[in-house]
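Atoms within a ligand are numbered from 1 in the order they appear, just like the ligands themselves.
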Amino acid sequence: MSGSNARSNAIVAITSYKPESQFLNYASKKPTETYGSSVFSDKVMKERLPRNVYRSLHKTIEKGMRLDASLADIVASCMKDWAIENGATHFTHVFYPLSGQSAEKHDSFLAPDGNGGVITEFSGKMLSQGESDASSFPSGGLRSTFEARGYTAWDVTSPAYLMKNSGGIVLCVPTAFVSWTGVALDRKTPLLRSNQALSRQAVRVLKLFGIETTLPVLSNAGLEQEFFLIDRNFVFGRPDLLIAGRTLMGARPAKGQEFEDQYFGVMPRRVQACMSEVEAELHRLGVPVRTRHNEVAPSQYEIAPVFESGNLAVDHNQLIMTVLRNIAKSHGLTCLLHEKPFSGINGSGKHLNYSIGNAEVGNLFDPGETPHKNAMFLVFLVCAIRALHKYGGILRASAASASNDHRLGANEAPPAIMSMFLGDQLTDILEQFRSGRARTSGSKRVMNVGVDILPPLAADPGDRNRTSPFAFTGNRFEFRALGSSMSASASQVALNTMMADSLDYAATRLEMLCGGNMEKLNDAVAVLVREVMEKHSAVIFNGDGYSAEWHHEAELRGLPNYRTTPESLMVYCAPETIDLYGRYNVLSRQELKARQEIYTEQYCKTIHTEASLVIRMARTIVYPAGLRWQKELAQTACSMQSLGRPADTVLLDEVADLLEKLRLNVEHLENELVNVDTDIVRKAHHCGTSVLLAMKHVRECADRLESLVPEDLWPLPSYQEMLFIK
Ligand code: ADP
Ligand code: MG
């Protein structure tokens, strides 16, 4: 018998399932009242802070200005009272190190009073700045261990909140994480810097159109999150899922996703209960989740919030991932955020819906209906075209990870070639600018090459090209290459900085073309649009991004195709990247180099861990199972022979051959692991080629064995069970 009873445990768990949490009765507990109840929100601050302090802090948050340090004590004391009234015992600075996870260290509010008792304490300094021994976080040589201190600094634009779990309530303060010399050790700092750069350049363009704004112009992001939910028992029976978050072996089930009967189907009861609780918890934390549905693959789902300012959206996405993981457990489920938990069926992504604007100027990617808005829209649009054409590699690199490599270009997610989908209507209009032809387009008439040309664009155009990594969807771009487990920060940083550069270029060019005479602005816009199209239209592609023809065509167009993570991470240290990020003070050469090193190192570690798991599982689980079956087959053959009957050994031969091959392939994989370079880039290349290939060869034998060995001898939960028992 197999040593694992994950299968029977899962079946019992499902058949006897009763939601652990109480039915969420929204009739008695109005979501409108509980929404944001755990957030130290603008509303709470207004109610609790002295008026002048509130006004000053509000201004800081809204306008992105530096916080008046003298106010910190008052804010901290008020925040502490609010937190303690709500049951908090500890506080923590939450930060986002380069590992991609959220990190935190809890401190109690309690401090000894010197007389054997305690008082509660939380000063302005404790709120606005923390110091932690950060030597265990990846720093890529940015912080040597003898100066192991890292500082966390309060990000006032992302509100503090109360995180609850069975062990108590913790006040969480979102922070940036920098070294003692001010070098960014995290994912938030560059995002804040890139927002500043974007705002500065966007404001210049707006000014040309006579638009002033008192607010910073920021990126907005709506992050759709895909994930799998499977019974937890299976995870305990699979070391690969437990440690690597994905299956490293497993024969294909008889049924995969080919019926397409899962997408938007009815959610299983347990999943729905889990999702409702996830939503309730996120709403309490002020995360505006709105949509939930089944995804394409069996047991795959999606949750999406309403878009928010980019920085907040990234923090909230981290919270979404944490809450999903935690609450799934209490429903007997495991949330798999890995990009490719199961081979042969779709993996999970994280779509980043990106736009630029603020409350005063609206969404600058919205075409609008007046000629004036049209012209401004065209400028922002061609800036995006130029940005993607010039710096697509940087955006690609922002979605690079060992796990995401399994998705990109595998006919389920866009390829690694960065191109832009605009749809026929917009492409046609832009082409007209290029050729200078006057023509009618849609319902509006085209007056020479003026700007009064945009017909109303459907906000949600019917043809949604899902094969494009960067698609215009009516009033925003959707970046579809990002992986489900990744922080969305680096992609935002890339987009903001690329756009800042193009807006800078556009503003300068328009200023020059107009020469101070704003009446010439329309003509200048036409020239700008034509010039950008002449130089950068190669990045526009409306066809099938999955097709082989596109790969060929893209090469002819000179678009880079960084297929693997190590290849694409090289972009971090390319002169163009150093120049771009340096010019806008987003990341220094040193900070970029550290990122390249850390991400490459992470890539190697991931593959190394997976390979070690493959070896271990093959030797201790798969091989013994095969051996038992071989023995049974051999004994049967002997018995038949002793009875004087013909012994059919076809199956026995195949099993014996497979076992031999498995053993050799494992040995080979082991050798590949020993044989590694010390140079990190060469090591990554080796991992991405030879090691992955050797893992694949082991898997092939294991999967074939799985389809031969009787179920009662096979200890690993199968794909069929994991994906369909729910
Ligand atoms: P779909 O799956 O059809 O692409 P969803 O409704 O799942 O669409 O997700 C769309 C996401 O785009 C949501 O998070 C939504 O709030 C966001 N979004 C909508 N308008 C904008 C905008 N102007 N800027 C950024 N994100 C936006
Ligand atoms: Mg969606």
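The ring pair (Phe, Tyr, Trp, His ring centres under 6.0 Å) with Y572 is formed by just one residue from the set Y562, Y599, Y581; it is Y599. If you run side chain to side chain donor-acceptor pair (under 3.5 Å) between Q492 and each of S487, S219, S398, only S219 comes through.
On a distance-only criterion, F307 and ligand 1 share at least one N/O pair closer than 3.5 Å. Residue-to-ligand polar distances place P305 within reach of ligand 1: an N/O pair is separated by less than 3.5 Å. Residue Y354 places no N or O, backbone or side chain, under 3.5 Å from any N or O of ligand 1. Here's the thing with E224: one of its N/O atoms is less than 3.5 angstrom from an N/O atom of ligand 1.
Only the side chain of N363 comes within 4.0 Å of ligand 1, counting heavy atoms alone; its backbone N, CA, C and O stay farther away. The proximity of H351 to ligand 1, defined as any non-hydrogen pair under 4.0 Å, does not occur for either the backbone or the side chain. Under 4.0 Å from ligand 1, not a single heavy atom of R290 appears.
Not counting sequence neighbours, Y96 has no partner by the ring pair (Phe, Tyr, Trp, His ring centres under 6.0 Å) test.
For atom 17 (C) of ligand 1, the choice among N475, N353, V289 with the nearest heavy atom turns out to be N353.
Contact atoms of ligand 1 toward E302: 7 (O) (distance under 4.0 Å to a heavy atom of the residue). Atoms of ligand 1 found under 4.0 Å from any heavy atom of G222, numbered from 1 in the order shown, are 14 (O), 26 (N). Heavy-atom proximity to V306, at under 4.0 Å, picks out these atoms of ligand 1: 16 (O).
A side-chain donor-acceptor contact under 3.5 Å links S276 to the backbone of Q272.
The nearest pair of heavy atoms linking L408 to A481 is CD2-O, 3.4 Å.
Salt-bridge formation is detected for the pair R386/D501: a Lys NZ or Arg NE/NH1/NH2 atom is positioned less than 4.0 Å from an Asp or Glu carboxylate oxygen.
No close placement of the F477 and Y354 rings is indicated, their centers lying 6.0 Å or farther apart.
Under the 30°/60° scheme for interplanar angles, the aromatic rings of Y35 and H283 are found to be tilted.
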